[in-house]
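Below is one structure, written out as structure tokens, with a few remarks after it.
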Amino acid sequence: MVSEAQMYHQLSDEQFLEGVAVIDKLLRPKSGEIVLDLGCGTGRLALELASRVGSSGRVVAVDPDKERIAVAEAQLANSDSHVTVTYLVGSTKEAIPWRPFDAIFSNFVFHWFERIDRSFIMRDIYEMLKPGGRLVFQALPSQSQTRSLLGDVMRLVFPDKDPDSVAGMKLDSASVWSELCTEAGFVIEVCKVFEQEYVRPSLDAVLKFAEASISSFKSSMLKDSDVEELQKRYSSGLGTEVVYMMTILQMKVLKSLV
């Protein structure tokens with residue numbers, strides 16, 4: 001039987017490719033750097049980071065889900081590349097070795113942090129960076145005004161929940177995240193909110209990825225009529241293919257040199 005971690009790994013191609021683009025465009029890891037991948041999932045992006053810092057650098061990849069870390073370690077063991085990656089089960093609350101880091105990267109993780117913990121987490125991240133170090137992250141911002149397939153699914157399954165605080169996610173605006181960053185001491189270099197188009201082969205593929213990503217969600221929670229309505233609403237007109245938009249927040253912030 002395929003575990004949720006394995007399913008997530010198999011269905012995360014688009015999220016992986018987006019992460020690679022952000023690594024190359026915003027993080028720009030250099031040879032010899034020590035980089036932290038915070039919330040690394042099954043480790044695909046950690047390997048990309050490692051390939052960029054080379055044998056003289058190091059990547060530390062942390063995730064609280066031990067099953068995802070197991071998949072990541074198996075992937076590393078089966079890879080032909082000679083990279084230096086250390087996978088750890090944990091979070092910023094535990095002692096992470098090899099700090100301070102030149103850079104910290106996080107892909108679609110920050111919206112899972114409890115709001116009450118975020119100020120502490122941002123300060124921890126600031127302290128884990130070298131002077132002049134950089135943090136780059138992508139997250140889902142507040143999207144109550146955005147037409148979103150995921151948002152529609154969550155509203156159907158959890159109709160009484162605030163759409164910005166549902167299924168474990170806590171979605172906040174770019175201004176909230178900017179304030180958290182500046183309060184921690186960071187200087188903001190990039191803060192961008194934009195809409196990204198997604199094309200998936202089927203609604204079922206979207207729902208399976210949501211299941212693998214959101215522990216409290218199961219596609220069986222949707223009524224057949226809901227599934228039919230979603231398919232109709234987001235159909236591209238090409239067979240079972242669906243197309244939809246998601247709102248994404250990208251930030252790059254810097255620790256001062258002093």
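The structure displayed is predicted, hence computed values, not measured ones.
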* Asked: Side-chain heavy atoms under 4.5 angstrom apart, residues restricted to Ile, Leu, Val, Met, Phe, Trp, Tyr: same cluster for Ile104 and Val109?
  ->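 Yes, it is one cluster - the side chains of Ile104 and Val109 are joined through contacts under 4.5 Å.
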* Asked: Would Val71 and Val59 show up in the same hydrophobic cluster when neighbours are defined by side-chain heavy atoms closer than 4.5 Å?
  ->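 No.
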* Side-chain donor-acceptor pair present, Tyr87, Asp63, cut-off under 3.5 Å ->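 Note: Tyr87 and Asp63 side chains miss the donor-acceptor criterion.
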* Asked: Is there a donor in the side chain of Arg115 and an acceptor in the side chain of Ser165, or the other way round, less than 3.5 Å apart?
  ->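 There is such a pair between these side chains.
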* Asked: After noting the C-alpha distance and the side-chain angles of Glu229 and Arg233, does the key distance pass the salt bridge (Lys or Arg N to Asp or Glu O under 4.0 Å) rule?
  -> CA-CA 6 Å; Glu229 176 59 29; Arg233 185 179 304 171; 3.3 Å; yes
* From the options Ser236, Ser202, Ser235, select the one residue that forms a side-chain hydrogen bond (donor to acceptor under 3.5 Å, both in side chains) with Glu241. =>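 Of all the options given, the one that passes is Ser236.
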Does atom [atom1] ([X]) have a neighbourhood of more than 12 heavy atoms from anything else shown, all under 6.0 Å?
{"X": "Asp224", "atom1": "CG", "result": "no"}
{"X": "Lys218", "atom1": "NZ", "result": "yes"}
{"X": "Gln196", "atom1": "CD", "result": "yes"}
{"X": "Lys130", "atom1": "NZ", "result": "yes"}

* If you take all heavy atoms of Leu88 and Ile96, which pair is closest and at what distance? ->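 Looks like CD1-CG2, 4.5 Å.
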* Where is the tightest heavy-atom contact between Glu14 and Tyr198, given as atom of each residue plus distance? ->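 Heavy atoms of Glu14 and Tyr198 come nearest at OE1-CD2, 2.7 Å.
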* Heavy-atom side-chain contact between Lys255 and Leu135 under 4.5 Å ->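 Side chain of Lys255 against side chain of Leu135, heavy atoms only: no contact under 4.5 Å found.
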[Y] backbone acceptor or donor facing [X] side chain under 3.5 Å:
{"X": "Glu73", "Y": "Ala70", "result": "no"}
{"X": "Asn78", "Y": "Ala74", "result": "yes"}
{"X": "Asp102", "Y": "Ile34", "result": "yes"}
{"X": "Arg134", "Y": "Arg28", "result": "yes"}
{"X": "His111", "Y": "Leu171", "result": "no"}

* **Test log, rule side-chain contact (heavy atoms from CB on, under 4.5 Å), inputs Leu36 and Met128** => CA-CA 9 Å; Leu36 173 65; Met128 284 192 286; 4.1 Å; yes
* How are the rings of Phe110 and Phe137 set relative to one another: parallel (under 30°), tilted (30 to 60°) or perpendicular (over 60°)? ->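 Phe110 and Phe137: parallel rings.
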Is the shortest side-chain N to carboxylate O distance from [X] to [Y] below 4.0 Å?
{"X": "Glu48", "Y": "Arg52", "answer": "yes"}
{"X": "Lys170", "Y": "Asp162", "answer": "no"}
{"X": "Asp172", "Y": "Arg118", "answer": "yes"}

Could you state the interatomic distance from [atom1] ([X]) to [atom2] ([Y]), rounded to the nearest 0.5 Å?
{"X": "Thr42", "Y": "Gln6", "atom1": "OG1", "atom2": "CD", "result": "10.0 Å"}
{"X": "Phe101", "Y": "Leu129", "atom1": "CZ", "atom2": "CG", "result": "8.5 Å"}
{"X": "Lys192", "Y": "Gln250", "atom1": "NZ", "atom2": "CD", "result": "5.5 Å"}
{"X": "Glu195", "Y": "Ser148", "atom1": "CD", "atom2": "OG", "result": "9.0 Å"}

* When the ring centroid of Tyr126 is compared with that of Phe186, is the distance short of 6.0 Å? ->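 For Tyr126 and Phe186, the ring centres are under 6.0 Å apart.
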* Could you give me the CA-CA distance, side-chain angles and deciding distance for Asp152 and Tyr244, then say whether side-chain hydrogen bond (donor to acceptor under 3.5 Å, both in side chains) is met? => CA-CA 11 Å; Asp152 281 352; Tyr244 57 97; over 6 Å; no
